[in-house]
Amino acid sequence: MSEELSNRYDPKEIEQRLYRFWEEGRYFTPSTETERPKFSIVIPPPNVTGRLHIGHALVNTLQDILVRWKRMSGFNTLWLPGTDHAGIATQMVVERELAKHGIVRREMGRDAFVERVWAWKEEHKGYIGDQLKRLGVSCDWTRERFTLDEGLSRAVRHVFVTLYQDGLIYRDLAMVNWCPQCLTAISDVEVEHRDTSGKLYEIDYPLVGSDRRLTVATTRPETMLGDTALAVHPEDQRYRDLIGGEVIVPIAERHVPIVGDALLVDREFGTGVVKVTPSHDRSDYAAGQRNNLPQLQVLDEAGLMNAAAGEEFAGMDRFEARKRVVEILSQRGLLRSVKEHSHSVAYHGKCDTIVEPMISRQWFVRVAPLAGPAIEAVRNGDITIIPKSWEATYFNWMENIYDWTISRQLWWGHRIPAFHCANGHTVVSETDPSVCPECGTAEISQETDVLDTWFSSALWPFSTMGWPDETPDFKTFYPTDTLITGFDIIFFWVARMIMMGLRFTGKVPFRQVFLNGLVRDEQGQKMSKSKGNVIDPLDVIDEYGADAVRFTLAILASGRDIPLARNRMQGYAAFANKVWNASRFALTHIDSTLKSAGPIDQDQLKIVERWILSRVNATTLEVNKALSSFRFDEASNALYQFFWHEFCDWYLEMVKPVLFGRHGDEATQRSTRRVLLEILDRSLRLLHPFMPFITEEIWQKLGGVEPSITIAPYPVTQQGIDDPDAEKMISTVQAMITAIRNVRAERGFTPKDRFTLHIAAPNQREAQFFLSYAYLLTDLARLDAVAVNEPAPPGAHHDVVNGYEISIVFPEKTITPEQRERIERELEKSRRELDSIIARLGNGQFLENAPPAVVEGNRARQTELIARIEKLQKNQP
RNA sequence: GCGGGGUUAGCUCAGCGGUAGAGCAUCUGCUUUACACGCAGGAAGUCGGGGGUUCGAAUCCCUCACCCCGCACCA
């Protein structure tokens, strides 16, 4: 065969060329008309205007391994790619961009702004796709979707209207999480609680008609301007008699009642007196409702104090107001104390702003009725969550679920299909009404709010397939089989897809969920731009090649944290180079292509061939098994071990004597070459899901039947190929070679020094074996002769290997003290092991209770150790 | 407070009832005609502490310590 491969693997040269080849061949586009079983997954859609980070690289590598494996295993495989519109994030980016040019969103108007965002999206939409292609993912790009596509938007609208009609969507005035920076409501799961060190202020409130003062503890003194009561515990002896009385709210100088509320007040905390601000605190809001307290809003939607806060404060920022309030209280002697206080503060993760509880009119999904079936689906096994420990988290959240705030005060997104008329009617409809169906007025306009992006993501597994239409794709590929995503979006996305899928299609959206870990840096730190420890997938792909990056991610993929270090990638780039060079070597010795090679002639097989076929079969079993259970680490590790440490280190070395004509007749050579082709072919196919580029590049040179390795059959274990005898004998040969190499290093000989090996074979058959395969020992251990059942001359080095006595004859050489020490250590180790085995075998309980195989194993080991120690002792001069 | 995960070689992790493993790093030799991103050999761990179950425990149970992650609470 032609030999023009470079002696160094250069990923840059081949990766992008091969990706084009795959796309042009449409290998990743499945059929909707086939009898073959299907396998389908949908991508967790990244933000359309975003950039791929290393976490995306991980989740997409794992999906691609799974998908390529299934495709090669004969499934009609669909991996549907796409992106979401990421409402807040995208709007924020475009606003910031406009701000550079001094343009303000509200001044340009809704339509113009939305148009501008679409333009931005068009500009950036290709970026994520290109990055994914660099990674080598086998998505079907002909089916790419975007959450704001017409079809998906229709699904969103249909779901909204249906849920509304079913009474599961409602609009209400309620306290929600408000982001004063983004000027929108957000849902509970978008709030990040962070432990923050703040201050606890104790403030005196004068009692009306008395000299007494009540001391109240608060972390947010500025909200006192909106206090409408103080609350004490109704059974608190200290304050019980004050209930029904009034206090003066300092600064505001307003009279408010003292109420008793057992739910709000914890007698143990602080002073046992709580200020109640129903408009600006979640639990105060509830307390206000229980006690019929008025609401007094003193903060506006931007987090500034409003007119109700008083003339001095109007327009002042909430944190500025806090300082000012404390100052005034202090001047008036009403500030009792200020203590350091650590407590949890709610932040909006997207913009790092402290969230403000705010009463506003929003749209909600009543989640509890949806949660029931979703809980049941996991409980009864219709959906399996892997690793299983995540089920507890899922149940815990689902069983204590709150209604979901789905409206956002944004412009970028699915506009809520509700219409308000001039007479106060609201209609929710799949088509835009021109007049109000209630009163007939034409003065009707659409709701200005848009939906939470996750509302559309929740429909992703079926909206992308054409639902609500019964399209061929929907019928063929829904439900999907597996979802792979990060555990951090189990509530945002996974749970909601299950709820929506069950509600609207009557089926689970996927049967298995694999939750992958979080990529961290080598110290286990979360990657973040501010720490400067982020790894850009494109950077490392450029540096090490996509295959090396993928292999690294796969082999590290177990566990909840995935510490990623560049030197690991360097290690697997070396592995890619190893694959390249081993293949390069093999290719120069393969004399036919897969198409013309014909079947392997079983009768011609020599022990080396029988052994490597047995080993590749064992590896095949292990890899398929590991992939079935999402053990990407085990699968890739098995492949690494096999390819490097069996195929390269031993097999290729063992066939060299034949390939170079030092041993064997022509028939043996032919057979050896045929099997070499076979093993290389199988290895490449086994490796392909993990390292798609390099394996395709090499496999093309083997001349397979299929036009691309992407659709070549994935190896499965074969009957009658396992060969324990061959494995045992080859492992003995390996052990002997290792023993000789050991002595060589131990005694300070060089590779040029030649030894003679004497082997004691217990019977004729084995004697014949060692004579037939003496060439392996000679070649790999650099011997000048192998003698079977001939007495070794005096002074030879004796050992026992896999039960066979061997003697190594080498030139006279003095032993250095270091060498003697090493020999002594080795002997001592064997003695210690023997002692513990003797103790075990001397224990009647052990003999009685341990399984016979274990007892037998110990006996055999005892016999070997005794023989070995005896021989090693003889070596002592 | 509720729930989950972790503590094994210098580093990062696998193993989860029968003789302590891998990768990387490290040390020693080596231009062996595929590869120095290589070859060969080596050193390195009372498997977080304590107790228990068992013939036998990194592995199962109890307990303590420390670390991480959710959720809830936090005047």
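A note on names: the letters A, B, ... follow the listed sequences, proteins ahead of strands, and every chain is numbered from 1.
Candidate nucleotides B/G18, B/G5, B/C35 were compared by shortest atom distance to the side chain of A/S389, and B/G5 ranks first. Nearest to the side-chain atoms of A/N396 among the listed nucleotides B/U31, B/A34, B/G3 stands B/G3. In this structure, the nucleotide among B/C74, B/C35, B/G38 sitting nearest to the side chain of A/N581 is B/C35. Here B/A43 is the nucleotide among B/G18, B/A14, B/A43 with the atom lying nearest to any side-chain atom of A/R825.
Across all strands, A/L200 comes closer than 4.0 Å only to sugar-phosphate atoms, never to a base (heavy-atom distances). Within 4.0 Å (heavy atoms only), A/R631 reaches sugar-phosphate atoms of the nucleic acid but no base atom. Within 4.0 Å (heavy atoms only), A/Q570 reaches no atom of the nucleic acid at all. The residue A/R741 sits close only to the backbone: its heavy atoms come under 4.0 Å of sugar-phosphate atoms, none of a base. A/T750 comes within 4.0 angstrom of nothing in the nucleic acid, heavy atoms only. As judged by a 4.0 angstrom heavy-atom cut-off over every strand, A/F491 is placed among residues touching the sugar-phosphate backbone only. Residue contacts for A/K829: at a heavy-atom cut-off of 4.0 Å it reaches no nucleic acid atom on any strand shown. A/R782 comes within 4.0 angstrom of a nucleotide base, judged by non-hydrogen atoms across all strands. The residue A/Y640 sits close only to the backbone: its heavy atoms come under 4.0 Å of sugar-phosphate atoms, none of a base. A/A745 comes within contact range of the sugar-phosphate backbone alone, with a heavy-atom separation under 4.0 Å but no base atom that close. If you check every strand for non-hydrogen atoms under 4.0 Å, A/S344 touches a base. No contact: A/E399 has no heavy atom under 4.0 Å from any strand. Across all strands shown, A/D649 has heavy atoms under 4.0 Å from sugar-phosphate atoms exclusively, and none from any base. Counting non-hydrogen atoms under 4.0 angstrom, A/K275 reaches nothing in the nucleic acid.
Of the charged side-chain nitrogens involved, none lies within less than 4.0 Å of a carboxylate oxygen, so that A/R631 and A/E622 do not count as a salt-bridged pair.
Nearest-nucleotide mapping onto RNA chain B: of A/H645 and A/N849, the residue sitting toward the 5' end is A/H645.
Going from atom CD1 of A/I740 over to atom C1' of B/A40 covers 13 Å, rounded to whole Å.
Shown here, B/A40 is classed anti by the O4'-C1'-N9-C4 or O4'-C1'-N1-C2 angle, which is more than 90° from 0.
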Practice task
Apply salt bridge (Lys or Arg N to Asp or Glu O under 4.0 Å) to A/D236 and A/R267, showing your working.
Solution key: CA-CA 7 Å; A/D236 191 331; A/R267 274 175 282 184; 5.2 Å; no
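Applying the salt bridge (Lys or Arg N to Asp or Glu O under 4.0 Å) definition to pairs two or more places apart or across chains, those involving residues 837-866 of chain A are A/E833-A/R861.
A gap of 14 Å separates the C1' atoms of B/C24 and B/A14, to the nearest Å. Comparing B/G10 with B/A44, their P atoms sit 11 Å apart, to the nearest whole Å. Remark: the separation of the C1' atoms in B/C55 and B/C60 is 16 Å, to the nearest Å.
Under the 3.5 Å distance criterion, with hydrogens and angles disregarded, no donor-acceptor pair is assigned to the side chains of A/N396 and A/T393.
Taking the six-membered ring where the residue is Trp, A/F643 and A/F575 present perpendicular rings, their angle passing 60° and hence far from 30°.
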